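Below: the structure, in structure tokens.
What you are looking at is a predicted structure, and each value in this text was computed from that prediction instead of being measured. So you know, we letter chains A, B, ... as the sequences are listed, proteins then strands, and number each from 1.
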2 protein chains.
Amino acid sequence: MAEHAGVSPGVVSRVVNANGSVSERTRERVLASIAELGYRPHSAARELRTRTTNTIGLVLADVANPFFSQLADHIVRHAADVGLGVLLTTTQEDPAMELKSIELLLQKRVGGVIAAPGTENAAAWRHMRETGVELTFVDRFIDRIPGIDVVGMDNEHAAHSATTALIERGHRRIALVSGPSETSTGRERIAGHRRALQEHGIDEDPGLVIELAFRPVEAETALAGIVALPQPPTALIVGNTAVSASVVTHLRSAGISVPQDLSVIVFHDAEWTALTSPPLTVVRHRLDELARHAVDMLHTRLNSPERLRRREKRLPSELVIRPSIAQVGD
Amino acid sequence: MAEHAGVSPGVVSRVVNANGSVSERTRERVLASIAELGYRPHSAARELRTRTTNTIGLVLADVANPFFSQLADHIVRHAADVGLGVLLTTTQEDPAMELKSIELLLQKRVGGVIAAPGTENAAAWRHMRETGVELTFVDRFIDRIPGIDVVGMDNEHAAHSATTALIERGHRRIALVSGPSETSTGRERIAGHRRALQEHGIDEDPGLVIELAFRPVEAETALAGIVALPQPPTALIVGNTAVSASVVTHLRSAGISVPQDLSVIVFHDAEWTALTSPPLTVVRHRLDELARHAVDMLHTRLNSPERLRRREKRLPSELVIRPSIAQVGD
DNA sequence: TTGTACGCGTTATCAA
DNA sequence: TTGATAACGCGTACAA
């Protein structure tokens with residue numbers, strides 16, 4: 001390249017990066033050569049020399065889940081807007097796969113990572129952070145790791161709203177299908193649910209809180225157990241996006257009519273939730289905002305020389321009332 | 001690293017890559033240092049030296065679309081299985097964004113790319129291929145680019161089956177919402193539809209074929225036009241996954257009852273298609289197979305020294321009959 | 001079996 | 001304003 005333009009490599013570098021001074025005449029000669037040769041700076045060489053990357057990692061459980069896929073879409077877009085490439089990795093909620101993801105991103109020397117972490121690899125995440133990789137947890141997070149930003153939903157409040165909406169419609173036996181209480185989202189949603197019950201003096205029935213792994217499993221057995229109770233619930237909140245389609249499928253095939261037999265609220269407003277009969281009441285998240293904050297937080301960290309302290313951002317969600325919930329007894 | 005183990009860099013390399021001979025004693029000493037220091041080979045340095053990457057690019061329109069998101073999930077998984085990282089890029093069907101994606105991947109010197117290309121950047125794709133980047137088109141493809149593998153669905157046959165199923169139920173006026181005929185999928189699906197009509201001696205009404213961009217737009221105006229026809233169709237095939245949810249939404253709000261007023265078939269068996277009322281007849285694709293073939297094709301190319309000739313793989317799809325289609329007049 | 005020396009394509013420094 | 005030179009971390013001949 002440099003020889004084709006008849007200059008030294010240093011000059012080419014200054015032209016490409018608009019950095020340092022170069023006479024207009026040679027600048028044009030270099031530009032001409034660049035166009036002619038279809039020259040593109042070699043990313044790896046640049047990374048090696050500057051010790052920086054414009055690539056970030058994105059570690060999610062499962063991009064087939066509409067919640068994560070929409071999130072990923074927004075993250076990839078926002079990242080591209082600020083000139084960052086995204087190395088996508090999925091874990092299928094498997095700690096071993098998550099570890100492999102971390103390993104890969106470590107080798108690639110990505111500047112930062114956006115992740116919805118599982119519960120098992122706290123040490124690995126901490127180590128990654130200590131290696132100097134900037135980290136932003138999105139949606140879920142692990143406690144007690146310093147220097148890692150967190151951006152998530154107001155799960156506690158959202159669950160509280162959902163449960164309250166049902167209580168106000170006369171429901172007393174409200175089931176909750178949530179994620180594992182080992183996860184931050186699971187914990188927070190269960191907590192919000194409980195608080196709403198307590199505020200209305202309703203005794204909690206532990207049998208009505210079902211923790212399912214965040215995997216697209218068959219929800220049949222779990223639901224069958226609930227429905228077969230001597231006093232079955234009159235309402236159901238699904239706070240686990242990975243199983244919500246499966247839950248709705250089962251309600252159908254089990255002949256449970258919504259909302260007559262069971263009022264239903266689902267977390268995450270996937271594109272189909274208004275298409276069922278009846279349309280589903282949902283907790284709607286602003287995934288675009290979630291993604292924007294995650295990318296921005298990481299981006300500022302990447303460009304800030306000093307170590308920032310941990311930041312946490314909570315985004316509000318909205319309860320969208322649709323006909324899947326009704327006054328009890330109606 | 002080398003100094004910590006008290007050996008030369010060359011030895012470390014041979015240990016790490018299990019390449020070349022090294023005495024058991026020093027091997028262990030090196031391994032110990034590796035563990036102690038948490039040493040990981042620097043990806044960029046290795047790439048620079050060996051002129052190879054274990055990263056591939058994935059260029060899709062829009063990961064929020066369930067079709068692409070499921071595809072992406074499988075691709076990321078299969079790629080990880082063979083030790084490949086995936087740099088994900090989205091175009092939103094915008095040629096300019098697609099070009100930026102190509103540019104990014106070119107700079108990153110990825111070894112190969114899996115893409116569902118748009119129609120506008122044929123020259124850029126060709127150039128990428130000529131640069132030595134292995135290319136596999138998935139789902140869609142651009143003609144006349146040599147040395148690029150293609151793996152896709154049997155769109156012509158699938159559309160033919162769908163239309164035939166409707167004809168067999170007495171339908172004569174069958175509308176088709178497809179992608180642009182500039183795209184391979186659009187063309188093929190329209191062709192299959194036409195062939196079925198011709199085989200049954202049905203005159204084609206050009207007004208019943210609606211080409212919509214592959215974007216999650218409001219399908220309202222397009223559908224309103226069809227329904228307002230003097231002789232509205234009795235059946236509708238949606239061969240454009242980006243708009244199918246929007247189409248179904250509109251049918252609902254317009255008070256069109258399925259299948260009494262309109263029989264409906266949709267391409268791609270998203271997780272919600274069985275949850276609508278009535279459940280939707282769908283063309284089901286094997287996205288896992290699609291992904292597997294795409295990754296395998298690219299992977300073999302990456303590891304094969306000689307230039308292979310173009311390969312094309314078509315995967316069968318399945319028509320899953322559900323209550324959304326009925327005998328005409330029923 | 002091990003070490004030395006060079007090169008991969010950049011950028012940064014310094015001298016010209 | 002420009003060029004020469006070193007260095008980034010690794011792999012690979014080749015010499016020891």
Within the structure shown, what part of the strands sits under 4.0 Å from [X] by heavy-atom distance: base, sugar-phosphate, or nothing?
X        : value
Arg14(A) : base
Ser23(B) : sugar-phosphate
Val12(A) : nothing

Of all pairs that satisfy side-chain hydrogen bond (donor to acceptor under 3.5 Å, both in side chains), the ones with a partner from residues 104-114 of chain B, not counting sequence neighbours |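 Found Thr55(A)-Lys108(B).
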
Using a cut-off of strictly less than 4.0 Å between a heavy atom of the residue and any atom of DNA chain D, enumerate the qualifying residues of residues 24-50 of chain A by number.
->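 By residue number: Thr26(A), Leu48(A), Arg49(A).
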
Do the side chains of [X] and [Y] get close enough for a salt bridge, i.e. N-O under 4.0 angstrom?
X         : Y         : result
Glu182(B) : Arg187(B) : no
Glu312(B) : Arg314(B) : yes
Arg292(A) : Asp288(A) : no
Arg301(B) : Asp149(B) : yes

What is the distance, rounded to the nearest whole Å, between atom CZ of Arg109(B) and atom P of dC8(C)?
->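 So the two atoms are 14 Å apart, to the nearest Å.
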
Let me know the distance between CG of Asn54(A) and C1' of dT10(C), rounded to the nearest Å.
->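 Nearest whole value for this atom pair: 14 Å.
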
Look at atom CZ of Arg27(A) and say whether more than 12 heavy atoms of other residues, nucleotides or ligands are closer to it than 6.0 Å.
->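 It does not: Arg27(A) CZ has 12 such atoms or fewer within range.
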
Considering residues, nucleotides and ligands other than Glu3(B), do more than 12 of their heavy atoms fall under 6.0 Å from its CD?
->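 Counting neighbours around CD of Glu3(B), 12 or fewer heavy atoms of other residues, nucleotides or ligands fall under 6.0 Å, so no.
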
Considering heavy-atom distances to DNA chain C, does Gly10(A) or Ser21(B) have its closest nucleotide positioned more toward the 5' end?
->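 Looking at DNA chain C, the more 5' nearest nucleotide goes with Ser21(B).
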
Earlier contact from the 5' end, DNA chain C, for Val16(A) and Pro9(B) |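 Here Pro9(B) is the residue nearer the 5' end.
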
Any Asn17(A) side-chain nitrogen or oxygen under 4.0 Å from OP1 or OP2 of dT11(C) =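 For Asn17(A), the contact criterion (side-chain N or O under 4.0 Å from OP1 or OP2 of dT11(C)) is met.
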
Would a distance-only check, ignoring hydrogens and angles, find a side-chain to backbone donor-acceptor pair under 3.5 Å from His285(A) to Leu287(A)?
->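 Side chain of His285(A) to backbone of Leu287(A): no pair is present.
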
Start and end of the DNA chain D segment that chain B contacts, any atom under 4.0 Å from a heavy atom |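 That gives a stretch of dG9(D) to dT12(D).
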
Donor + acceptor pair across side chains of Asn17(A), Arg46(A) (<3.5 Å) |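 Yes, side-chain donor-acceptor contact under 3.5 Å.
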
